[in-house]
Amino acid sequence: VGIREDGYISEAAVMNVTFVTREGVVVTPPYEGILKGCTLRRSLELLRGAADKGQLVKSVEQRPILAADARDCVEMFFTGGDVHVYAITHWDGKPVGDGKPGPVARWVWQQLVKESESGAEQRIPVPYPAAKL
């Protein structure tokens, strides 16, 4: 996890980072100098929808978060195209929350997998010429 000189979280090496506070607020750093990841954007849309229905989380915020505050969160996960969601269970040798993947990370992963497996009619076939050996 990248921590700026002023103590605020930036992002992970090749993925975006998301935290869930003890109050049930999903927090991720704003798109200021970090990757505006497609997987993160979709994850936040799904989580906002859940929050609007009073499910899973209280709210979703993109705002600066101090590393000291982030370390007190109950969940932490990375989002990125290759793995969709990667739950972080330990940070610098200390457990995040109960040290197990949390319900928010699991739910986001399940939603993204469902979306990737459905919608065959939305896929665009790309014809490739036969290989000549």
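There is no path of hydrophobic side-chain contacts, each under 4.5 Å, that joins Val60 to Leu35. Tracing side-chain contacts under 4.5 Å through hydrophobic residues (I, L, V, M, F, W, Y), one reaches Ile88 starting from Ile3; they form part of the same cluster. Linking ILVMFWY side-chain heavy atoms closer than 4.5 Å, directly or via other members, places Val96 and Met15 in a single hydrophobic cluster. Following chains of ILVMFWY side-chain contacts shorter than 4.5 Å, one can reach Ile65 starting from Met76, so the two form part of one hydrophobic cluster. Both Val74 and Leu44 are members of a single hydrophobic cluster when ILVMFWY side chains are connected at heavy-atom separations under 4.5 Å.
The shortest non-hydrogen separation linking Asn16 to Ile34 is ND2-CD1, 3.9 Å. Across every non-hydrogen atom of Val26 and Val57, the tightest pair is CG2-CG1, 3.6 Å. Residue Glu11 comes nearest to Val17 through the heavy atom pair CA-CG1, 4.0 Å, listed as atom of the first residue, atom of the second, then distance. Considering all non-hydrogen atoms of both residues, Ala87 and Ala105 come closest at CB-CB, 4.2 Å. Scanning all heavy atoms of the two residues, the minimum distance from Val20 to Phe77 falls at CG2-CE2, 4.2 Å. Nearest heavy atom pair, residue Ser43 against residue Val108, reads OG-CG1, 3.4 Å.
Here the CD atom belonging to Glu61 is positioned 11.0 Å from the OG1 atom belonging to Thr28, to the nearest 0.5 angstrom. Between atom CD of residue Gln111 and atom NE2 of residue His84 there is a gap of 12.0 Å, rounded to the nearest 0.5 Å.
For the pair Leu40/Tyr31, a side-chain contact is recorded, criterion being any heavy-atom separation below 4.5 Å from C-beta on. Within the 4.5 Å cutoff, the side chain of Glu75 has heavy atoms near those of the Pro103 side chain. Side-chain contact between Arg42 and Glu115: present, with at least one pair of heavy atoms (C-beta onward) separated by less than 4.5 Å. Considering only heavy atoms from C-beta on, Pro101 comes within 4.5 Å of Thr89 through its side chain. Counting heavy atoms from C-beta on, the side chains of Ser59 and Val25 come closer than 4.5 Å. Between Val1 and Phe78, some side-chain heavy-atom pair lies under the 4.5 Å cut-off. Residues Phe19 and Asp69 form no side-chain contact, since every pair of their non-hydrogen atoms from C-beta on lies 4.5 Å or further apart. At a threshold of 4.5 Å between non-hydrogen side-chain atoms, the residues Leu46 and Leu112 count as touching.
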- request: Check the pair Asp6, Arg4 against salt bridge (Lys or Arg N to Asp or Glu O under 4.0 Å), reporting the backbone distance first and the verdict last.
  value: CA-CA 5 Å; Asp6 60 2; Arg4 302 183 327 211; 2.8 Å; yes
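A donor-acceptor pair under 3.5 Å is formed between the side chain of Ser10 and the backbone N or O of Gly2.
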